Student: 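What follows is a single structure, and I will ask about it in a moment.
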Amino acid sequence: MNILIIGSGGRESAFAYKLSQSKRLQNLFIAPGNAGTGVYGQNVALKVTDFDGIASFALANDINMVLVGPEEPLVKGIHDYFLNREDLKHIPVIGPQQEGAQLEGSKDFSKQFMDRHGIPTAASRSFDKSNLEEGLAYLETQKLPIVLKADGLAAGKGVLICETLEDAKLELNAMIADSKFGAASDVVVVEEFLKGIELSVFVLTDGHSYKVLPSAKDYKRIGEGDTGLNTGGMGSISPVPFADEAFISKVEERIIKPTVEGLKKDHIPYKGFIFIGLMNVEGEPLVIEYNVRMGDPETESVLPRIESDLIDLLEGVAQGNLDTRSYTVSSKTAVTVMLVAGGYPGNYESGKVISNIENVKESIVFHAGTATQDGHVVSSGGRVIAVTTLQDTLFDALQQATADAGRIYFEGKYFRRDIGFDLI
Ligand code: AMP
Ligand code: GLY
C-alpha cells in the first residue's frame, strides 16, 4: 500500500514510524514532513492546505490512502475535496469530512452536539454580537473562575480562564466586539470552570464501530511543576495511571458510545480519529473538548504502544469494517519529552544546529520542528524534537526519556525534567 501522510510535526513523525513497521507498506510519503521523516519515507514539498497539489501528487504516485495529521486541512475540507472529485474519490482519506471536523472547528457546534446527545460536559452558554449585553449580564450570575472560549480555531490560544468578573467582562467584550481572535471569536462559549486532572482519550472510528486507543496525559505548561505559559505540549505519558479500567469504562459508556452514536443519529459521516479532552472531576469524566485528529505530543506516546498493524486498522476505517480488525496494546509505559527552542512559547530563534541525536540509543527520536540546511539538521519551530521511551515501568520510562532528552544538543534547548513524575 502507498500512503501519504499530511503534516510535519512530531505527531506525523510518529505516524511515519509506526506505518513504516508494517509489512504491507510499499511507499510512504509525508507532505511536507521534516528533517526526520525522510528516514521512514519520502518528503514531499507541499503545504497541508494545498489540496490541488496534494491531489495531483496522490494521482501521480498511485496513493492508496491519505492520512491527515493536523486539524486545519480537515476543517478546510480536504476529505470532502477528495470525495467531490470523480478522479480522487476512490482514495480513502483518514480524517472526518468538514461537517464532522466542526467538532473541533466550532466549540459552539461541539457543545450543542454534547447537549443533544447527553454527553457530560461543563455547563455553558454561547454569545455573539446580537446578545453581547446578555452575555455580560450572564457573567455576573456565574461562579469564578470562568472559562471563555473562542468558537473557531485560534491556534490553541482561544481559551481564556478569567479569575475576576471584571476581567471576564473585558475579555468577552474584546473577543466579540473587538474581534480579539478575528472571526474565531465572533461567537464565544462561556463555560463553567472544571476542577480536576486532565487526560486525553483517543478513539479510532469508521463511523459505525470504534477502537479505544491508549489514553495519554499531556503536559501543557512550559515550566516544571505545571507553571508558566501554555504550550502545544511539553511531553506526554501513556497509559495514565489514574485512567484505570473502571474509569475508562465510564468514559466508554458515557462519552465514546454516545459520541459515535450521536454522529450516526445526526447523519454525520466520520472516518478517523476522535481526540476527547477530558477532565477527571473526582473520578467522573467530563468532556472539555473534542479534536478531530490525534494529539501532539500524545501520539508520540500512544502509537509506540499499539502492537497491531496500523495499516490494518486504517484500512478497517476506510472500508467500514473496523470491527473485524484485531487490536492489541502493549502494557509498557511510554514517556515523551519535548525539546523546545529557547524562548518558546514566546519568540524564539530557528536555524540552530542539532547534534548528538545519534547518541540516543534507548529512546525513539521523533523530529518535530526540524529542517535540513547545508547538510545539517537545524531547528525550524518552537517544538523541535520529541524523545519517547517505552519501558516496563513508569519510573524507568521517565528516567530514560529524561536522560535521553539531555543527550541531544542545540543552542537554547529547553525541556521539562518533571514530565510524569507527578504520577509516580
Ligand atoms: P483548549 O484550547 O480547548 O485545548 O483548552 C485549553 C485548556 O484550557 C485545556 O487544556 C484546559 O486546561 C483548559 N480548559 C478548557 N476548558 C476548561 C474548563 N471548562 N474548565 C477548566 N479548564 C478548562
Ligand atoms: N496536545 C494537545 C493537542 O494536540 O491539541
Side-chain angles (χ1 to χ4, degrees), residues 7 9-12 14-15 68-72 74-75 103-111 114 119-126 142-163 168 171 175 181 184-185 188-202 213 215-222 226-238 240 273-282 284-303 336-338 340 345 366 368 382-383 386 416 419:
R11 167 182 49 215
E12 289 74 23
F15 272 128
V68 185
E71 64 278 13
E72 192 190 0
L74 294 168
V75 172
L103 280 182
E104 177 165 359
S106 165
K107 303 240 188 239
D108 183 45
F109 175 94
S110 77
K111 292 302 284 193
M114 287 184 262
I119 295 166
T121 183
S124 75
R125 276 191 62 186
S126 295
Q142 297 301 299
K143 283 206 211 97
L144 292 167
I146 184 96
V147 185
L148 308 186
K149 298 184 168 183
D151 174 55
L153 294 183
K157 296 189 167 41
V159 174
L160 303 178
I161 297 173
C162 301
E163 303 287 342
E171 292 294 356
M175 287 168 92
F181 298 105
S185 62
V188 173
V189 175
V190 177
E191 187 174 277
E192 166 199 13
F193 179 81
L194 298 175
K195 202 167 159 41
I197 176 159
E198 274 182 80
L199 76 155
S200 309
V201 170
F202 299 97
L213 305 181
S215 47
K217 181 158 173 42
D218 166 23
Y219 290 78
K220 286 204 167 79
R221 303 295 195 94
I222 187 73
D226 286 325
T227 53
L229 294 175
N230 252 325
T231 70
M234 296 296 293
S236 61
I237 68 162
S238 175
V240 184
F273 295 95
I274 308 176
F275 164 166
I276 307 171
L278 287 179
M279 192 70 90
N280 173 351
V281 183
E282 291 169 5
E284 308 305 321
L286 281 94
V287 178
I288 290 186
E289 62 170 350
Y290 287 111
N291 295 306
V292 297
R293 53 174 172 85
M294 287 296 289
D296 193 353
E298 291 97 325
T299 308
E300 292 93 308
S301 289
V302 166
L303 291 185
T336 300
V337 174
M338 202 43 104
V340 305
F366 293 121
R383 295 194 293 168
R416 276 180 61 171
I419 299 298

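Worth saying up front: this structure is predicted, and the values here are computed from it rather than measured. Each ligand, and each atom within it, is numbered from 1 in the order the structure gives. Atoms considered below: every heavy atom in the structure, side chains included; atoms not considered: hydrogens, waters and symmetry mates.
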Student: List of N/O pairs, ligand 1 versus protein, all under 3.5 Å?
Tutor:
unit_1	atom_1	unit_2	atom_2	d
ligand 1	3 (O)	Lys107	NZ	3.0
ligand 1	3 (O)	Glu289	OE1	2.8
ligand 1	4 (O)	Glu289	OE1	3.1
ligand 1	4 (O)	Glu289	OE2	2.8
ligand 1	10 (O)	Glu198	OE1	2.8
ligand 1	10 (O)	Lys220	NZ	3.1
ligand 1	12 (O)	Glu198	OE1	3.4
ligand 1	12 (O)	Glu198	OE2	2.4
ligand 1	16 (N)	Lys149	NZ	3.0
ligand 1	19 (N)	Glu191	OE2	2.6
ligand 1	19 (N)	Glu192	O	2.9
ligand 1	20 (N)	Leu194	N	2.8

Student: Contact residues of ligand 2 with a heavy-atom cut-off of under 4.0 Å?
Tutor: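 Shell around ligand 2 (4.0 Å, heavy atoms): Asp218, Gly232, Phe275, Arg293, Gly295, Asp296, Pro297, Glu298.
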Student: Could you walk me through whether Ser301 and Ser236 satisfy the side chain to side chain donor-acceptor pair (under 3.5 Å) test, starting with their C-alpha distance in whole Å, then the side-chain angles of each, then the deciding distance to 0.1 Å, before giving a yes or no?
Tutor: CA-CA 6 Å; Ser301 289; Ser236 61; 2.8 Å; yes
Student: Is there a side-chain contact (heavy atoms from CB on, under 4.5 Å) between Arg416 and Arg221? Walk through the geometry before answering.
Tutor: CA-CA 9 Å; Arg416 276 180 61 171; Arg221 303 295 195 94; 4.0 Å; yes
Student: If you measure from the Lys or Arg side-chain nitrogens to the Asp or Glu carboxylate oxygens, is any gap between Glu198 and Lys220 under 4.0 Å?
Tutor: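 Salt bridge: yes.
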Student: Measure the CG-CD distance between Leu148 and Glu171 for me, rounded to the nearest 0.5 Å.
Tutor: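 So the gap between those two atoms works out to 7.0 Å.
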Student: Would you say the rings of Phe15 and Phe273 are close, in the sense that their centroids are separated by under 6.0 Å?
Tutor: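 Yes - the distance between ring centres of Phe273 and Phe15 falls below the 6.0 Å cut-off.
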Student: Which residues satisfy the salt bridge (Lys or Arg N to Asp or Glu O under 4.0 Å) test with Asp151, sequence neighbours excluded?
Tutor: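 Asp151 satisfies salt bridge (Lys or Arg N to Asp or Glu O under 4.0 Å) with no residue once adjacent residues are dropped.
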Student: Flag the pair Lys107 and Glu289 as a salt bridge only when some basic side-chain nitrogen lies within less than 4.0 angstrom of an acidic carboxylate oxygen.
Tutor: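 Here Lys107 pairs with Glu289 in a salt bridge, since their nearest N and O are under 4.0 Å apart.
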Student: Does a donor on one side chain sit under 3.5 Å from an acceptor on the other, for Thr121 and Lys111?
Tutor: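 Checked: Thr121/Lys111 side chains pair up, N/O donor to acceptor below 3.5 Å.
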Student: Can you name the residues that form a salt bridge (Lys or Arg N to Asp or Glu O under 4.0 Å) with Arg293, not counting sequence neighbours?
Tutor: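 Checked Arg293 against salt bridge (Lys or Arg N to Asp or Glu O under 4.0 Å); matches are Glu71, Glu104.
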